Amino acid sequence: MNGKFIVLEGPDRCGKSTQAKMLVNTLLSHGKDVLLTREPGGTPIAEDIRQMVLQPGRDVRPMTELLLYEAARAQHTQEKILPALEAGKIVICERYTLSTCAYQGYGRGLPLKTIDTLNKIASFGLVPDLTLVFLMSDKYFTERGEYLFSDRLEQEDLTFRQKMRKGYTDLVKKTKNAHLIDADKNIDMVQAEVVELLHRYNIVD
């Protein structure tokens, strides 16, 4: 494939969306053709699934949750991500397979082997060229969410968030081309780390 696939990962409210937008601007300034998307979502069908799985108050069982995420991923990857990569674009995606391992694996306790198998099927074997994992102290989750709407997963308790954060910490060590970024730092310092990695991976000159 001619394009590059960059994934931004991390807990809710860690600054992924802010950094994704800044990353888009950086790449555009270097003359790159960029597509910004997200999971779950990115296509009409996948966005419908997003609304279903994240709506507060719904009794979505862990395996159902996993399968819904994977269904959304299969649609998103085949309809949007792969064609963009084949066209030579740089695709920036907020969340991908690592989130499923952290949330549904470590957080929900579903078998990682099952999740890995489903991830490979739903992603059609696609692996990110660069994964940026933003981790922040849990206190910022509460501070940043004080005036925000909370979806079903954001309403999970501290124990769930601790399991999920441990998942990201473990997974980044095992994942090729994945890098942990301290999201407690200010926005500009975080962006500087991201830009340095773009140069290191020859995504920009």
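Small disclaimer: the values here were computed from a predicted structure and weren't measured.
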message: Any heavy-atom pair between the side chains of Asp182 and Val190 that's under 4.5 Å?
response: no
statement: With Tyr96 as partner, the option from Asn119, Thr37, Thr77 fulfilling side-chain hydrogen bond (donor to acceptor under 3.5 Å, both in side chains) is Thr77
message: Would the distance check show the side chain of Thr117 and the main-chain N or O of Lys113 forming a donor-acceptor pair, the cut-off being under 3.5 Å?
response: yes
- line: Interatomic distance, OG1@Thr26 vs NZ@Lys21, rounded to 0.5 Å, equals 14.5 Å
task: Take Thr64 and Val53 through the side-chain contact (heavy atoms from CB on, under 4.5 Å) test and state the conclusion after the steps.
output: CA-CA 9 Å; Thr64 305; Val53 77; over 6 Å; no
Side chain to side chain, Ile90 and Leu35, heavy atoms closer than 4.5 Å: no
- prompt: What are the two closest non-hydrogen atoms of Ser123 and Thr97, and how far apart are they?
  reply: CB-CG2, 4.4 Å
task: Report yes or no: does His199 contribute a side-chain atom to a donor-acceptor pair with the main-chain N or O of Asp205 at less than 3.5 Å?
output: yes
Residue pair Ile92 / Phe5, side-chain heavy-atom distance below 4.5 Å: no
task: May I ask whether Met189 and Ile181 are part of the same hydrophobic cluster, defined by side-chain heavy atoms of I, L, V, M, F, W, Y residues being less than 4.5 angstrom apart, directly or through others?
output: no
- prompt: Quick one: does Leu135's side chain get under 4.5 Å of Arg165's, heavy atoms only?
  reply: yes
Pair Arg61 + Glu65, salt bridge at N-O below 4.0 Å: no
Heavy-atom pair with the smallest gap, counting every atom of Gln19 and Val194: OE1-CG2, 4.1 Å
- prompt: Does Lys16 use its side chain to pair, donor to acceptor, with the backbone of Pro11 at less than 3.5 Å?
  reply: yes
- request: Determine the sole option in Thr43, Leu85, Val91 for which the side-chain contact (heavy atoms from CB on, under 4.5 Å) test with Lys80 is passed.
  value: Thr43
message: Taking Ile6's backbone N and O only, do any of them form a donor-acceptor pair with Asp129's side chain (distance below 3.5 Å, no angle check)?
response: no
query: For Gln191 and Thr18, what are the C-alpha separation, side-chain angles and deciding distance, and is it a side-chain contact (heavy atoms from CB on, under 4.5 Å)?
result: CA-CA 10 Å; Gln191 186 195 22; Thr18 298; over 6 Å; no
- prompt: Under a 4.5 Å cut-off applied to non-hydrogen side-chain atoms, are Glu9 and Thr131 in contact?
  reply: yes
- prompt: Where is the tightest heavy-atom contact between Asp116 and Cys101, given as atom of each residue plus distance?
  reply: OD1-SG, 3.8 Å
field: From CG (Leu132) to CG (Leu180), nearest 0.5 Å
entry: 10.5 Å
query: Going only through I, L, V, M, F, W and Y residues with side-chain contacts under 4.5 Å, is there a path from Leu98 to Leu197?
result: no
message: Could you measure the distance from the CD atom of Glu94 to the CZ atom of Arg38? Nearest 0.5 Å is fine.
response: 8.0 Å
- prompt: For Tyr69 and Gln104, what are the C-alpha separation, side-chain angles and deciding distance, and is it a side-chain hydrogen bond (donor to acceptor under 3.5 Å, both in side chains)?
  reply: CA-CA 10 Å; Tyr69 275 118; Gln104 282 68 52; 4.6 Å; no
- prompt: When you look at His179 and Phe134, which way does the ring pair (Phe, Tyr, Trp, His ring centres under 6.0 Å) test go after all the steps?
  reply: CA-CA 9 Å; His179 296 266; Phe134 300 89; over 10 Å; no
- prompt: In terms of side-chain geometry, is the basic nitrogen of Asp48 or Arg50 positioned less than 4.0 Å from the acidic oxygen of its partner?
  reply: no
query: Do you know the tightest heavy-atom contact between Pro128 and Asn177?
result: O-ND2, 4.5 Å
- request: Taking all non-hydrogen atoms of both residues into account, name the closest pair between Gly41 and Ala46 and its distance.
  value: O-CB, 3.3 Å
- prompt: Considering only heavy atoms from C-beta outward, does the side chain of Tyr168 approach that of Tyr103 to under 4.5 Å?
  reply: yes
statement: One should read off an interatomic distance between Lys89 NZ and Asp33 CG, to the nearest 0.5 angstrom, of 5.0 Å
query: Mind checking whether Tyr106 and Val133 sit in one hydrophobic cluster, side chains of I, L, V, M, F, W, Y counted as touching below 4.5 Å?
result: yes
field: Pairing of Lys174 and Asp170 as salt bridge, 4.0 angstrom limit
entry: no
- prompt: When hydrophobic residues are tied together by side-chain contacts of less than 4.5 Å, even through go-betweens, does Val7 share a cluster with Leu82?
  reply: yes
- request: Take His76 and Cys93, measure what side-chain contact (heavy atoms from CB on, under 4.5 Å) needs, and give me the verdict at the end.
  value: CA-CA 11 Å; His76 182 214; Cys93 189; 3.8 Å; yes
field: Partner of Thr100 by side-chain hydrogen bond (donor to acceptor under 3.5 Å, both in side chains), out of Arg73, Arg108, Glu70
entry: Arg73
message: To the nearest 0.5 Å, what is the distance between CG on Leu23 and CG on Leu8?
response: 6.0 Å
message: If hydrophobic clusters are built by linking Ile, Leu, Val, Met, Phe, Trp and Tyr wherever their side-chain heavy atoms come under 4.5 Å apart, do Leu28 and Val204 end up in the same one?
response: yes
message: The test is side-chain contact (heavy atoms from CB on, under 4.5 Å); show your working for Leu68 and Met52 and say whether it passes.
response: CA-CA 9 Å; Leu68 285 170; Met52 185 188 308; 4.0 Å; yes
Nearest heavy-atom neighbours spanning Ala183 and Met136: CB-CB, 4.0 Å
statement: Rounding to 0.5 Å, atoms CD (Gln155) and CG (Asp12) come to a distance of 11.0 Å
field: Enclosure of Glu193 CD (heavy-atom neighbours >12, cutoff 6.0 Å)
entry: yes
- prompt: Are Met22 and Ile187 side-chain neighbours, meaning at least one heavy-atom pair lies under 4.5 Å?
  reply: yes
message: Quick check: do Lys166 and Gln162 have side-chain heavy atoms less than 4.5 Å from each other?
response: no
